[in-house]
Amino acid sequence: MTAPQAQGGPQDTVRQPLVELDDVAKFYGNIKALEGVSLEVHAGEISCVLGDNGAGKSTLIKIIAGLHRHDAGRFLVDGEETTLANPRDALERGIATVYQDLAVVPLMPVWRNFFLGSEPTTGAGPFKRLDVRLMRETTRSALLRMGIDLRDVDQPIGTLSGGERQCVAIARAVHFGAKVLVLDEPTAALGVKQSGVVLKYIAAARDAGLGVVLITHNPHHAYLVGDRFVLLKRGVMAGSHTKDSITLDELTRQMAGGSELEELSHELERATGPGPADTV
Amino acid sequence: MTAGPGSSAVIDERLLRTSPLRKLLGRPELGSVVGALAVFLFFAIVADSFLRATSFGTVLYAASTIGIMAAPVALLMIGGEFDLSAGVMVTSSALVSSMFSYQMTANVWVGVFVSLLVTLAFGAFNGFMLTRTKLPSFIITLGTFLMLTGMNLGFTKLISGSVSTKTIGNMEGFPSARKLFASYWTVGGVELKVTLLWWAVLVAVATWILLRTRFGNWIFAVGGGADAARAVGVPVIRTKIGLYLGVAFAAWVSGQHLLFSYDVVQSGEGVGNELIYIIAAVIGGCLITGGYGSAIGSAVGAFIFGMTSKGIVYAEWNPDWFKFFLGAMLLLATLLNAWVRKRAEATK
């Protein structure tokens, strides 16, 4: 698409990414968790980060979400170089993160979860209280706008299915005016149909003008909705592509480790012969 | 964006309308209310004097002394933490108040005020240690429990020369302080202590905080999923320290009641009460793992405690059996709560 450097004018002569990572690295003690990773997130686009377990996806997400600080490289929000202090800092800059397993507090009602951390209040002094009616109604209408019809916003959110919970969390981020939505493996624990539903809401968030970072290890899901793809392997960037420069098959092959997969298939073929005797 | 996923916003035909009964079953206190009725009926049948109005005053008083502490302990448990030091903290608070006034020959109100500061400092210590060290609250407060127990005995012997404090009954300010912390009214022959008022106010405030304030929302969140709460910007550390300060405040109220009911304090008192507060909170529907419960439930739990402890006396049984009943009640209530919650959440 456009050149990554938008030095000249921040005004839209060149479209400036909402969030940009440039050659970012992160170390935990003497362990290189992430090195040389570059990523652009544009408004109305979905940038996918693909990688196997241990590839550094969680580290990357934690840097963007403000949970960890990067140790090297540049992290730009709206073209301005920054280091996020904490998750709240990230939220204030419009970066909302939806985590795979800790998106919500299961025992709390849907409406309490929806507003958690940003509760509206009414009244003053000692009578300052939650605006419960507003919270309930807003939750219902915000979910409805995303296409989720939830008649009882009072039910504990834990009683919803995994897909519905992800959708509520996405709707919450959209409602609170996030500019960048970071999704950590939103389809990892879901069935085929549920995954489809969640992908639809991700597309809805993109159509609403958000920049989306989709972290996943499923190239099929990524290719369905993604505009850009960044491949991570053992903490380093193994590839960066736009949608028109790569096919699904190629993406899948790179993601699965190409030659490694072929090797594995040979190994498995051999294993069928003598039986499951020799293990790892 | 209305066109895209908006089309899928059809009414889910699998979603049944929630009946009012199911809504009622979903309340955390329900199990304890059923339990309280059962206990009430039981003692009404086996103990003749249980139904007398005077007995009721006694039962309520016993319930209030536990209930004052059970309300903030319930909030703390909803926030996912324990406080094993709550029982002896009450005694510490009374001792500080009494000994400060006596040693300084000051107006007892000075001692009362100093005691408030010291007790809040104990609470802050618990909260601070917990959030700094990230050790389980069970260990932290077990430590404070033992330290306070030792300090209560040690300091009292060192300062007063015996295991109890000197009387402050004839000191300045004593009558007015007694009025606030340990007075009573007689209504129709029934003695109603002022602790009932403290209890009611604390439960009402705790319920208000829990259900209608941002802080309350955060209490549920830090207990039900601290990481999820932190990720959306909830100040987890501040919330937990606030909860420990709440327990400390109630310990101060209880401690002053202990002091002004008589005019001396026994330094060995309070040990074991921390478990009774927790039991009252659990009977009242608090989940031991946090994230769920109610302050009103803790009041019902305290009421069950009052009925059982006094009912055994009215039934003229050996009071040694009290602990057995309390234990059985705890198990029954927890089972009932678990069952009720399962029914209520079986909406999926």
Side-chain angles (χ1 to χ4, degrees), chain A residues 65 67 86-92 96-99 101-109 112-113 115-121 126-130 132 135 143-152 154-156 158-161 167 169 172 174 176 197 200-201 203-209, chain B residues 1-19 22-23 26-28 78 80 205 208-236 239 287 289-293 341-342 344-348:
Chain A
L67 277 164
N86 51 44
R88 175 140 283 237
D89 193 14
L91 274 174
E92 275 161 15
T97 310
V98 175
Y99 295 93
D101 44 355
L102 40 87
V104 293
V105 184
L107 282 168
M108 290 172 79
R112 282 186 180 271
N113 261 296
F115 282 97
L116 187 58
S118 321
E119 300 88 348
T121 53
F127 298 105
K128 192 168 153 189
R129 60 192 182 273
L130 293 181
V132 175
M135 290 167 79
L143 288 179
L144 205 57
R145 221 175 310 126
M146 290 289 288
I148 309 162
D149 181 39
L150 213 58
R151 211 177 307 168
D152 185 12
D154 268 310
Q155 60 184 312
T159 60
L160 301 182
S161 69
C167 295
R172 170 169 71 186
V174 172
F176 284 108
V197 173
K200 223 159 61 172
Y201 295 127
R206 172 199 61 199
D207 294 342
Chain B
M1 60 171 293
T2 40
S7 52
S8 70
V10 286
I11 287 162
D12 193 340
E13 75 286 352
R14 294 165 304 170
L15 188 64
L16 303 173
R17 194 162 279 285
T18 28
S19 67
R22 176 148 275 167
K23 277 217 166 115
R27 305 281 322 153
I78 296 168
V205 169
W208 168 264
I209 288 176
L210 197 57
L211 298 181
R212 285 295 173 267
T213 66
R214 299 189 74 187
F215 188 69
N217 216 32
W218 298 345
I219 295 174
F220 280 116
V222 298
D227 291 330
R230 193 174 288 114
V232 293
V234 171
V236 175
T239 305
L287 265 189
T289 43
Y292 190 80
R341 197 161 37 245
K342 217 176 242 168
E345 287 178 5
T347 43
K348 194 168 143 190

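Excluded from the calculations below are hydrogen atoms, water molecules and symmetry mates; all remaining heavy atoms, backbone and side chain alike, are included. Below, chain A is the first sequence line, B the second, and so on; all start at residue 1.
- Only the side chain of A/Leu91 has a heavy atom closer than 4.5 Å to any heavy atom of chain B.
- Atoms CG and CG, on B/Asp227 and A/Leu67 in that order, are 9.0 Å from each other to the nearest 0.5 Å.
- A distance of 12.5 Å separates CZ of B/Phe215 from CG of A/Leu130, quoted to the nearest 0.5 Å.
- Listed here is the closest heavy atom pair of B/Val232 and A/Leu116: CG2-O, 3.6 Å.
- Within the 4.5 angstrom heavy-atom criterion, no atom of A/Thr97 approaches chain B.
- Of all non-hydrogen atoms in A/Val105 and B/Gly225, the two that sit nearest each other are CG1-N, 3.7 Å.
- The shortest heavy-atom contact between A/Tyr99 and B/Ala231 is CE1-CB, 3.6 Å.
- With a 4.5 Å cut-off on non-hydrogen atoms, A/Pro109 does not touch chain B at all.
- Both the backbone and the side chain of B/Leu211 come within contact range of chain A, each with at least one heavy atom under 4.5 Å from a heavy atom of that chain.
- The nearest pair of heavy atoms linking B/Gly224 to A/Pro106 is O-CD, 4.0 Å.
- With B/Arg214 contributing its side chain and A/Gly117 its backbone, the two residues share a donor-acceptor pair below 3.5 Å.
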